[in-house]
Amino acid sequence: MSTIIVRVALPRPVEDPFHYEVPPHLAGKVTRGSIVHVPFGKRTMTGVVVDLVESSPVPTRSIVALSEGPSLSRELVDLAQWTASYYQSPGGLLLRLALPPSGVSGKGPKFVLTESGRQALEKGQSLHREILETLKRGPRTTTMLTERFDSAQLEAGVSEGLVAPALSPAPTNTIPSSSYRREEIPVGKLTLPQEEALSRISDGVSGERFEVILLKGVTGSGKTEVYLRAALHTIGLGKRVLLLVPEISLTPLLVSRLEGVAAGEVATLHSGMSDAERTNSWEAVRRGQAKLVVGVRSGVFAPIPNLGLIIVDEEHDTSFRQEDTPSYNARDVAVKRGQLEKVPVVLGSATPSFESWYNASEGKYHLALLPHRVTPAADPDLLLIDMSDPAQTDFDYPALSVALRDELTGVIERGEQAMLFLNRRGLAPFLLCPDCRHTVPCPNCSVTLTYHANRKAVCHYCGHKQDPPDQCPDCGSRKLGPVGTGTQGVEKGLKELFPGVAVDRLDRDALGKKGALEGIYRRMDSGETTILVGTQMLAKGHDFPNVTLAGILSAEQALDLPDFRSGERTFQIITQVAGRAGRGERPGKVVIQTFTPDHYAITTALSGDHEAFYSAEIETRRILGYPPFGRMGRIILDGANEEKVTSAAFTLTGQLPTRKDNRILGPAPAPLVKIRNRYRWHILVLTKNHRELVKILHAARKVDVPGVRVTTRVDPVQLL
Ligand code: ADP
Ligand code: ZN
Ligand code: ZN
């Protein structure tokens, strides 16, 4: 009998899968999509069978065990392979996202003695005696066994049927409930635009038809209500729903609303869970117990049987893009998944990404508009403050304009609430010497250290922490001190300006302890907090009806970044933050502080004129050949030796197989030229089509310079 060989994708940063032999006792049971445990070096790893082949070019070892329970579907393996090829990412690392954490990074499956193993031991068989003796004392993990015994011995024990992987227990509690809840107010009739959007989606679900529906509506226009009803419709047909959100921990309200519609059938998948919790959720997902699966970007690979609908909320959010290996954009992978599974995909946003908007305007996506808020509140009043106006500035509190302080006073007097947004953590962004303009850089990175409330100077890229020098390292001046304001600085200033008023802060530094976020929400929801200061986390879809004032402290901040999407980001962030104010009965006000009041991203956001913004932006991109008019790739070179990296960047650029209609920008030092003591250069590649781009990036990865790492990215979002 000829042996069967399979190729198994393993969680290794390599392009190709590995060959393994199917042992006789697993013959016929191992298929494409099977989750298998295989020996790899001295360890055992979990991987996914991607295909069955005639023979292997290399000597092979045998599969140790087949994971019981359902395999991954053909569509899911296809999806991972498509993603690997499109983004030029390692397929095994992508497929790992479809597996539970314990099967990968944990200690592997547990093994037990089988009945024949027990008999063999009693009969005194000497073969594998030690391993059988060990297992007689109880189940052991793969790691433990392969540390003590040769993994070939384990393989042999398994293939002779003396040893077998233990059955994993069925999941117990499928729903890790959010501890934050609020009374659900039942919604009566949908508005006409909501009805239209819903029936379009529902028809697609019933007809098992792939279509992308771009659901565009301002915050409060009832998008979530449409998701919930579409989900109910899908579940009613016995199908399942996948909902992707940028960050689950930031949307406790959404999760509790979902539990309202599908109590006991919602599973969440995100990184804030323990391995055990995630494994539990994953089991509930792949066994079909979860009807509604809510996940962050990696959730796009969740093994959901009989999928009927995919929803991507806040589709413009850049956290759907995974920049690290394996890189992919979950929003775009979700669209591909919809196509493979023949289900509709809903992309929802108040400020759609440029790419999605373009696809809708080209007729590739169906545009469903929710033009108005459903709540009675009028559109908020917008107030643009030019920060270069001396009448607005106060030397002691440079981040807070006079106008904003007046508005805050009003909010406090009326017993309302305010949210202030500043995308910069810490007390102050710099330590600056006023005598020689010296700033204190991180010793490992090309950024300045941020001054934090604990009197430490901190690097936001590598985590380096130090006491601030008490005198200027350059000129010896003793006047070196913090300059500018971060979220901690705003919090401190507000507490001085408004003594006795409850000021709270939401940023990464405030979320150190478990439950911190729930606390911030609860205090906000109960009205205990009057002013909430925060980073972009604030802009993500919270609904606090008593918030009547939203402030953007530095609206031009994103514009300073060397990124062709900075205008888009600025437009989005202003629109999103503006949506925070006046969601309840009372009218809202938005104060936008900026040094560049005339920039088109700011003026169009202010007038709420998306069309004007998109048409201004589209001309720039058309002329420059930027996405969506061309394909963009990025080649990053990094290494410990600056000269080596620099010369490698020039050499590599000279070797790229480019054609006349391709454009190569660079090489140039990356905007962040040093991170963690590694020097970085980059090259941007613009091509007419994806195939050309892949060819060029592939050639770049083949260039081998000792001490220099070459990384490539397709459709990069992060250009720093
Ligand atoms: P979005 O997701 O666009 O921000 P939501 O779906 O959260 O909007 O709706 C905003 C608020 O309006 C919610 O409190 C929701 O319950 C309510 N709502 C939504 N649709 C309707 C409707 N048709 N009638 C009454 N209230 C609605
Ligand atoms: Zn100095
Ligand atoms: Zn650093």
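The shown structure was predicted, so the numbers you read here are calculated from the model rather than taken from an experiment.
When all heavy atoms of Pro326 and Leu93 are compared, the closest pair comes out as CG-CB, 3.7 Å. Listed here is the closest heavy atom pair of Arg425 and Thr450: O-CG2, 3.5 Å. In plain terms, the two heavy atoms of Val705 and Ala648 that are nearest each other are CG2-CB, 4.0 Å. In this structure, Cys472 and Cys436 approach most closely via the heavy-atom pair SG-SG, 3.7 Å. Contact record, Ala555 with Thr594: CB-CB, 4.0 Å, taken as the closest heavy-atom pair. Taking each heavy atom of Leu652 and Ala700 in turn, the nearest pair found is CD1-O, 3.8 Å.
Considering CH2 of Trp357 and CD1 of Ile618, their distance stands at 10.5 Å, rounded to 0.5 Å. In this structure, the separation between CG on Leu244 and CD1 on Ile310 is 7.5 Å, given to the nearest 0.5 Å. Summarising the geometry, atom CG belonging to Leu72 is positioned 6.5 Å from atom CG belonging to Leu95; distances are rounded to the nearest 0.5 Å. Separation of atoms CG (Asn329) and OH (Tyr87) is listed at 4.5 Å; rounding is to 0.5 Å. For the atom pair CZ of Arg424 and OG1 of Thr535, the computed distance is 12.5 Å after rounding to the nearest 0.5 Å. Annotation: the span from Arg565 atom CZ to Ser353 atom OG amounts to 8.5 Å, rounded to 0.5 Å.
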Derivation and outcome, side chain to side chain contact (heavy atoms under 4.5 Å, CB included), residues Ile664 and Ile683 | CA-CA 7 Å; Ile664 305 292; Ile683 299 152; 3.6 Å; yes
Apply the test side chain to side chain contact (heavy atoms under 4.5 Å, CB included) to residues Leu269 and Ser298: give CA-CA distance (whole Å), side-chain angles for both, the deciding distance (0.1 Å), then the verdict.
-> CA-CA 8 Å; Leu269 294 168; Ser298 59; over 6 Å; no
Please walk me through it: do Leu431 and His438 pass side chain to side chain contact (heavy atoms under 4.5 Å, CB included)?
-> CA-CA 8 Å; Leu431 289 161; His438 178 85; over 6 Å; no
Step-by-step salt bridge (Lys or Arg N to Asp or Glu O under 4.0 Å) determination, Arg621 to Glu619 | CA-CA 5 Å; Arg621 295 204 191 177; Glu619 272 321 299; over 6 Å; no
Under the side chain to side chain contact (heavy atoms under 4.5 Å, CB included) rule, what do Met632 and Val685 come out as? Steps first, then yes or no, please.
-> CA-CA 6 Å; Met632 185 183 274; Val685 182; over 6 Å; no
Intermediate values then yes/no, salt bridge (Lys or Arg N to Asp or Glu O under 4.0 Å), Lys479 and Asp435 = CA-CA 8 Å; Lys479 283 189 250 163; Asp435 293 337; 3.3 Å; yes
What's the verdict on ring pair (Phe, Tyr, Trp, His ring centres under 6.0 Å) for Phe40 and Phe18, showing C-alpha distance, side-chain angles and the deciding distance?
-> CA-CA 10 Å; Phe40 191 85; Phe18 296 82; 5.2 Å; yes
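Listed by first and then second residue, the ring-ring contact (aromatic ring centres under 6.0 Å, His included) pairs involving residues 658-686 are Phe650-Trp681 (not counting sequence neighbours). Residues in residues 689-708 take part in these ring-ring contact (aromatic ring centres under 6.0 Å, His included) pairs, two or more places apart or across chains: Tyr86-His690. Applying the salt bridge (Lys or Arg N to Asp or Glu O under 4.0 Å) test to residues at least two apart or on different chains, the pairs with a partner in residues 694-705 are Glu15-Arg701, Glu692-Lys695.
A donor atom on one side chain and an acceptor atom on the other are found under 3.5 Å apart for Ser356 and Glu315. A donor-acceptor contact closer than 3.5 angstrom is absent between the side chains of Glu568 and His316. Looking only at atom types and distance, the side chain of Asn662 has no donor-acceptor partner in the side chain of Thr687 under 3.5 Å away. Donor-acceptor pairing under 3.5 Å is recorded for the side chains of Thr351 and Gln576.
A search for side chain to side chain contact (heavy atoms under 4.5 Å, CB included) contacts involving Pro443 returns His464, Gln466, not counting sequence neighbours. Not counting sequence neighbours, the partners of Asp386 by the side chain to side chain donor-acceptor pair (under 3.5 Å) test are Ser388.
No donor-acceptor pair closer than 3.5 Å links the side chain of Gln471 to the backbone N or O of Leu480. In this structure a side-chain-to-backbone donor-acceptor pair under 3.5 Å is missing from Ser327 to Asp324.
Between Leu420 and Leu532 the shortest side-chain heavy-atom distance does not fall below 4.5 Å. Side-chain atoms of Val440 and Tyr451, non-hydrogen and from C-beta on, never get closer than 4.5 Å to each other.
The distance between the ring centers of Phe571 and Phe613 falls below 6.0 angstrom. For an aromatic pair to be called close, the ring centres must be under 6.0 Å apart, and Phe301 with Tyr328 satisfies this.
Within 6.0 Å of NZ in Lys336 there are more than 12 heavy atoms belonging to other residues, nucleotides or ligands.
A perpendicular orientation is assigned to the rings of Phe629 and Tyr358, their planes being inclined by more than 60° (bins at 30° and 60°).
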Donor-acceptor pairs are to be reported for all side-chain atoms of residues 636-645 against protein atoms at under 3.5 Å, with residues two or more places apart or in another chain.
from, atom 1, to, atom 2, distance (Å)
Asp638, OD1, Arg709, NE, 3.0
Asp638, OD2, Arg678, NE, 2.8
Asp638, OD2, Arg709, NH2, 2.7
Asn641, OD1, Glu643, N, 3.0
Asn641, OD1, Lys644, N, 3.1

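Between Asp467 and Lys456, at least one side-chain nitrogen of the basic residue sits less than 4.0 Å from a carboxylate oxygen of the acidic one, meeting the salt-bridge criterion. Checked for salt-bridge contact, Arg713 and Asp715 miss the test: no charged N lies under 4.0 Å from a carboxylate O.
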